[in-house]
Amino acid sequence: MDYQFRDIEKKWQQFWADKQTYKVDNSSEKPKYYVLDMFPYPSGAGLHVGHPLGYIASDIFARYKRLKGFNVLHPMGYDSFGLPAEQYAIQTGQHPALTTEQNIATYRRQLDQIGFSFDWSREVRTSDPGYYKWTQWIFMQLFDSWYNLEADKAEPVEQLVRHFETSGSKGIKAVHDEDVKTFSAEEWKAMSSNEQQEELLKYRLTYLKESTVNWCPALGTVLANDEVKEGVSERGGYPVEQKKMMQWSMRITAYADRLLQGLDTIDWPEPLKEMQRNWIGKSTGASVKFALESETIKAGGSGAALNPELSPLNFIEVFTTRVDTIFGVTFLVIAPEHELVPVLTTAGQKEEIENYIAQTKKKTELDRMADTKSVSGAFTGSYALNPLDGARIPVWIADYVLAGYGTGAVMAVPSGDQRDWLFARHFNLPVIQILDAQKDVEHAADATKEGTYVNSDFINGMTYQEAVPALIAKLEELGAGKAKIQYRMRDAIFGRQRYWGEPVPVYFKDGLPHLIEESELPLVLPEVDKYLPTEAGDPPLGRATDWKYREGLPYELSTMPGWAGSSWYWYRYMASPEDRKEDVFAPAKTIEYWKDVDLYIGGSEHATGHLLYSRFWNKFLKDMGYVQEEEPFKKLINQGMIQGRSNFVYRLINEDGIGTHVFVSHGLKDQYHTAPIHVDVNIVENEVLDIEKFRKFRPEFENAEFILENGKYICGVEVEKMSKSKFNVVNPDDIIERYGADTLRLYEMFLGPLEQSKPWNTNGIEGVFKFLRKFWKLFHNDQFELAVSDQEPVKAELKSLHKIIRKVEEDIERFSFNTSVSSFMICVNELTDLKCNKRSILQDLLVVLSPYAPHITEELWHLLGNEQGSLSYASYPQFNPAHLVEDEFAYPISVNGKMRLNLNISLTMEAPEVEKLVLENADVQKYLDGKTPKKVIVVKGRIVNIVV
RNA sequence: GCCUGGGUGGUGGAACUGGUAGACACGCAGGACUUAAAAUCCUGUUCUCCUUACAGAGAGUGCGGGUUCGAUUCCCGCCCCAGGUACCA
């Protein structure tokens with residue numbers, strides 16, 4: 001029989017499922033190995049060709065580890081809460097649970113077709129109440145914990161309460177909000193229960209915090225940055241503004257240092273660690289308080305007479321990494337949202353400031369950070385005083401300073417910072433040189449730390465190293481500042497004004513949050529009539545009837561963010577179906593056995609989201625004694641993304657900044673003010689939009705009008721991430737139908753290095769398919785009858801085999817799967833040329849290939865007379881270097897670095913002999929042209945280079 | 001803007017630690033088989049110049065410099081593309 005991939009693949013997939021070939025035990029004599037994939041969000045578009053890239057790589061690795069004698073845990077599940085399902089629910093009215101269920105069924109069918117060796121008995125779904133019960137439980141543990149800096153770990157809030165009861169707030173070193181109170185034990189006891197709760201909330205690891213969001217008044221909801229395009233909502237094109245809102249937050253900053261230090265202990269790609277380091281952004285500097293002028297004047301004079309008991313509203317606090325430049329400060333810039341803006345704005349500046357704030361509200365944070373070209377700002381009319389010399393410093397607002405970032409205020413030193421310099425130039429503010437080594441600060445800032453200080457009061461003549469401690473000592477003495485370590489990372493917002501997420505197990509009493517009872521978990525997501533915000537602007541949960549705790553107390557209405565369920569899921573996989581009958585997320589004994597993930601494969605787009613939050617929760621769970629390891633993922637490999645080709649249409653924006661129903665063709669878009677919108681690649685051919693299909697694409701586009709070029713609407717194209725929200729998804733089903741799963745597996749690996757991103761194309765797939773047919777033919781005669789001989793192999797055959805045994809071993813260990821596929825092709829080409837049909841060669845080759853192409857090898861394994869299904873637990877062949885020994889090498893001979901010819905020379909010969917032999921050679925002489933070589937470089941077994 | 005990665009033939013890519021650039025495939029061209037097509041097999045295929053041919057010369061790994069006997073690989077400066085940038089997951 002010719003290679004019948006359809007029958008073969010169906011047969012073995014069924015066999016593996018029936019016999020539970022890949023079900024794994026939580027105990028074994030073999031060493032454990034945990035191979036984990038980042039689980040997918042089950043989108044309505046189905047699995048796309050990008051998902052399997054990582055899954056195939058991890059499956060090859062898992063299968064290889066089994067052949068190497070490990071007890072391998074290789075699970076899969078679904079990150080099934082998320083925005084797209086909810087969006088679909090809003091459009092169609094269908095319950096997201098239902099569509100999610102359907103999507104998962106599609107994913108499962110697609111995954112099964114690819115022949116993965118997952119232990120499906122351990123599947124998890126984050127939207128399953130049996131799963132999110134534990135996500136809620138972890139939230140409750142976080143709420144009940146505080147971070148003790150003394151012990152450098154999280155501890156139960158009870159311990160904090162006990163301390164307050166015995167010693168008050170004295171001696172507590174904790175991570176907490178800025179505004180905690182100072183009190184004695186008696187004062188604590190005298191507080192009402194509500195007052196106590198209010199105070200404790202400032203210490204809890206999950207707490208309520210005011211933060212800025214993208215508010216869309218027309219939709220009555222908060223939008224993700226992702227959903228805001230060019231300042232308007234992607235959906236509907238409505239204006240979006242920045243608004244403050246009370247939200248749940250996680251005190252991840254408590255773990256900043258441990259998250260930083262842990263990076264040195266794990267085997268992750270260096271760039272990824274670097275990204276996390278930069279995200280955490282530890283910087284050492286000083287915080288400095290600039291008193292407000294009016295207050296200081298009331299206090300009776302200059303900066304020297306500063307009042308150390310300054311209340312929060314009469315100074316501006318800044319953080320700086322260059323406290324040495326403090327005498328170069330010529331203005332302060334605070335965020336337009338800064339709480340002092342209304343206090344500082346003088347009557348004369350009121351209009352200007354208000355206009356500027358209105359402008360700022362239209363921009364997203366990203367826009368504000370990204371725009372460094374245009375300088376903008378407004379003067380409040382007020383002044384602050386330099387704490388060291390009492391200099392009057394004007395206070396400005398500008399949108400490049402972000403409120404949620406540090407103190408929301410910066411001291412501007414135009415001579416040392418280019419951004420400040422540009423600002424000073426633009427608004428005609430002075431520039432003061434502060435170091436003698438600074439070059440020409442009239443033309444550009446110079447951030448040097450060299451030289452000695454000038455124009456700098458008592459630090460004049462000092463170096464940087466001398467000035468910093470002197471300044472900090474002085475600031476501390478004046479009560480106007482101190483040394484400080486600051487992190488760029490902010491506490492993580494932990495709430496979404498959405499329906500399709502985990503309910504927060506909290507109710508409110510007297511406006512204060514309280515946990516529900518643990519025995520009441522899971523708090524199941526209630527039914528609602530529509531998945532939209534309420535008329536009052538509350539999240540969709542506000543629509544649920546009787547969504548009340550005991551005594552009619554209201555529940556929290558927001559739900560948990562997408563990253564909640566994925567921040568601990570690898571522990572749930574450890575729990576076998578039997579384990580899951582116990583009332584714990586995973587039994588201690590089980591965690592003791594699996595400990596951590598040995599290999600984690602996933603996209604680098606999760607570098608600072610999922611991977612940081614997971615490490616944070618893991619550390620917390622360890623502090624609480626629930627898990628063993630400080631770090632959850634020992635080794636991590638980033639798979640590159642399979643990118644999609646996206647198509648765009650360009651929506652005309654009217655003068656009010658609102659999206660219209662008019663769309664401009666790509667070639668004409670620059671003549672109008674437009675915003676690009678993704679359009680489904682399936683309704684675009686050769687970049688020409690099918691207008692009729694577009695009208696049906698989304699109901700809001702039904703009456704769309706088009707500005708065409710040459711009678712056609714031409715779409716824009718970009719290579720970007722493949723995702724349903726970008727409407728550029730290509731799925732693997734067609735490929736499997738046409739070529740089979742083994743071809744898909746090999747082809748995805750053959751595409752290039754795992755870590756690299758590349759746009760999807762199917763150009764080379766034929767070659768991979770042909771390779772499998774050639775491999776099949778090695779075992780068969782021309783009539784396609786099995787024809788394998790038991791003859792002894794010859795040297796060339798053994799060489800071919802052992803080359804591939806070693807190559808694949810090396811390749812898999814360094815995750816270079818693409819080069820293995822090429823090597824398999826070379827091997828099969830060689831054996832075909834040798835007409836090799838010897839069992840002793842082919843059977844070992846088959847085992848080596850089996851992790852890559854499990855179906856065809858399983859079939860041939862069985863045809864060779866082995867027990868059905870035993871291939872997965874066979875042994876990887878032993879490499880014997882004796883078969884690869886060479887006695888000659890074709891030395892490339894270069895003249896002046898240019899390769900001229902090859903010479904076969906014995907490898908037993910040492911460098912001087914080789915040199916002599918080469919120089920005597922007649923062909924070499926020809927290139928020397930009678931000249932004597934200046935120098936001859938001989939690298940044994942590598943190269944000869946003659947310099948003339 | 002900032003952080004991270006990438007850029008090699010018509011295409012995907014190989015060259016693992018500074019040592020033969022283009023392995024292995026796709027595509028394309030020519031040929032064999034066939035009434036024909038598909039499938040299969042064989043040959044060629046970085047570019048430019050030169051040559052009837054054999055052969056030969058030069059250039060070449062995004063661009064411009066540098067280090068080195070030798071650079072796709074190391075260093076400096078740029079350009080372009082992708083991912084992340086805190087409510088997509």
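Every chain is numbered from 1 and lettered A, B, ... according to where its sequence line falls, protein lines coming before strand lines.
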* How is A/Met899 classified with respect to the nucleic acid when contacts are heavy atoms under 4.0 Å: base, sugar-phosphate, or nothing? -> base
* **Whichever of A/Tyr927 and A/Asp811 has its nearest RNA chain B nucleotide further upstream toward 5'** => A/Asp811
* To do: Answer with base, sugar-phosphate or nothing: what part of the nucleic acid does A/Lys934 contact at a heavy-atom distance below 4.0 Å?
  => nothing
* Name the nucleic acid region contacted by A/Val222, choosing base, sugar-phosphate or nothing; use a 4.0 angstrom heavy-atom cut-off, strictly under. => base
* Could you check whether the rings of A/Tyr747 and A/Phe750 sit parallel, tilted or perpendicular, using 30° and 60° as the cut-offs? => tilted
* To do: Between B/U67 and B/G77, how far apart are the C1' atoms? Round to whole Å, please.
  => 15 Å
* To do: Would you mind telling me which of A/Tyr739, A/Phe769, A/Trp776 makes a ring-ring contact (aromatic ring centres under 6.0 Å, His included) with A/Phe5?
  => A/Phe769
* Describe the nucleic acid contact of A/Val213 in one word from base, sugar-phosphate, nothing, applying a heavy-atom distance below 4.0 Å. => base
* Asked: Using a cut-off of 4.0 Å on non-hydrogen atoms, how would the nucleic acid contact of A/Asn902 be classed: base, sugar-phosphate, or nothing?
  -> base
* **Nearest-Å distance once atom P is located in both B/U11 and B/C78** => 28 Å
* Indicate whether the side chain of A/Ser800 and that of A/Glu830 have a donor and an acceptor atom separated by less than 3.5 Å. => yes
* **Separation of the C1' atoms in B/A57 and B/U51, to the nearest angstrom** => 11 Å
* Structure fact -> Which of A/Phe775, A/Tyr852, A/Phe817 passes ring-ring contact (aromatic ring centres under 6.0 Å, His included) with A/Phe824? It is A/Tyr852
* If you measure from the P atom in B/C63 to the same atom in B/G10, how many Å do you get, rounded? -> 13 Å
* **Stems involving RNA chain B, each a run of at least 3 consecutive Watson-Crick or G-U pairs under 3.5 Å** => B:1-7 with B:79-85, B:10-12 with B:24-26, B:27-32 with B:40-45, B:46-49 with B:56-59, B:62-66 with B:74-78
* **5' priority, RNA chain B, between A/Thr212 and A/Val944 [closest heavy atom]** => A/Val944
* Asked: Can you pull the side chain to side chain donor-acceptor pair (under 3.5 Å) pairs that have at least one residue in residues 938-948 of chain A, sequence neighbours excluded?
  -> A/Glu910-A/Lys940
* Structure fact -> Syn within 90° of 0, anti beyond: B/G84 is anti
* In whole Å, what separates the P atom of B/A71 from that of B/U61? -> 11 Å
* Where the side chain of A/Lys209 meets the backbone of A/Ser249, is there a donor-acceptor pair that is under 3.5 Å apart? -> no
* Asked: Per the ring-ring contact (aromatic ring centres under 6.0 Å, His included) rule, which among A/Phe494, A/Tyr569, A/Trp568 passes with A/Trp563?
  -> A/Phe494
* Check every strand shown and say whether A/Asn829 touches a base, only sugar-phosphate, or nothing at a heavy-atom separation below 4.0 Å. => sugar-phosphate
* Under a 4.0 Å N-O cut-off, is there an ion pair linking A/Arg496 with A/Glu502? -> no
* Does one side chain, of A/Trp248 or A/Glu556, offer a donor that lies under 3.5 Å from an acceptor on the other? -> yes
* In a check of ring-ring contact (aromatic ring centres under 6.0 Å, His included) between A/Tyr499 and each of A/Phe81, A/Tyr88, A/Tyr531, which one passes? -> A/Tyr531
* **Touch class at under 4.0 angstrom, heavy-atom based, for A/Asn763 against every strand present** => sugar-phosphate
* In terms of side-chain geometry, is the basic nitrogen of A/Glu886 or A/Lys799 positioned less than 4.0 Å from the acidic oxygen of its partner? -> yes
* Please work out if A/Pro561 contacts a base, only the sugar-phosphate, or nothing of the nucleic acid, heavy-atom cut-off 4.0 Å. => nothing
* Asked: Taking the same atom, P, in B/C24 and in B/A15, what whole-Å distance lies between them?
  -> 14 Å
* Asked: For A/Met489, which contact category applies under a 4.0 Å heavy-atom criterion: base, sugar-phosphate, or nothing?
  -> base
* Asked: Across the strands shown, which category fits A/Pro753 at heavy-atom distances under 4.0 angstrom: base, sugar-phosphate, nothing?
  -> sugar-phosphate
* Give A/Glu274 one of three labels, base, sugar-phosphate or nothing, depending on what nucleic acid heavy atoms sit under 4.0 Å from its own. => sugar-phosphate
* **Span of RNA chain B, from the first to the last nucleotide whose atoms fall under 4.0 Å of chain A heavy atoms** => B/G1 to B/A89
* Using atom C1' of each nucleotide, how far apart are B/G19 and B/C74 to the nearest Å? -> 14 Å
* To do: Look at all strands and tell whether A/Arg814 reaches a base, only sugar-phosphate, or nothing, counting heavy atoms closer than 4.0 Å.
  => base
* To do: Determine the interatomic distance between C1' on B/A82 and the same-named atom on B/C87; round to the nearest Å.
  => 23 Å
* Could you check whether A/Tyr400 gets within reach of a base, just the sugar-phosphate, or nothing at all, counting any heavy atom under 4.0 Å? => nothing
* Tell me what A/Gln643 touches on the nucleic acid: a base, only sugar-phosphate, or nothing, going by heavy atoms under 4.0 Å. => sugar-phosphate
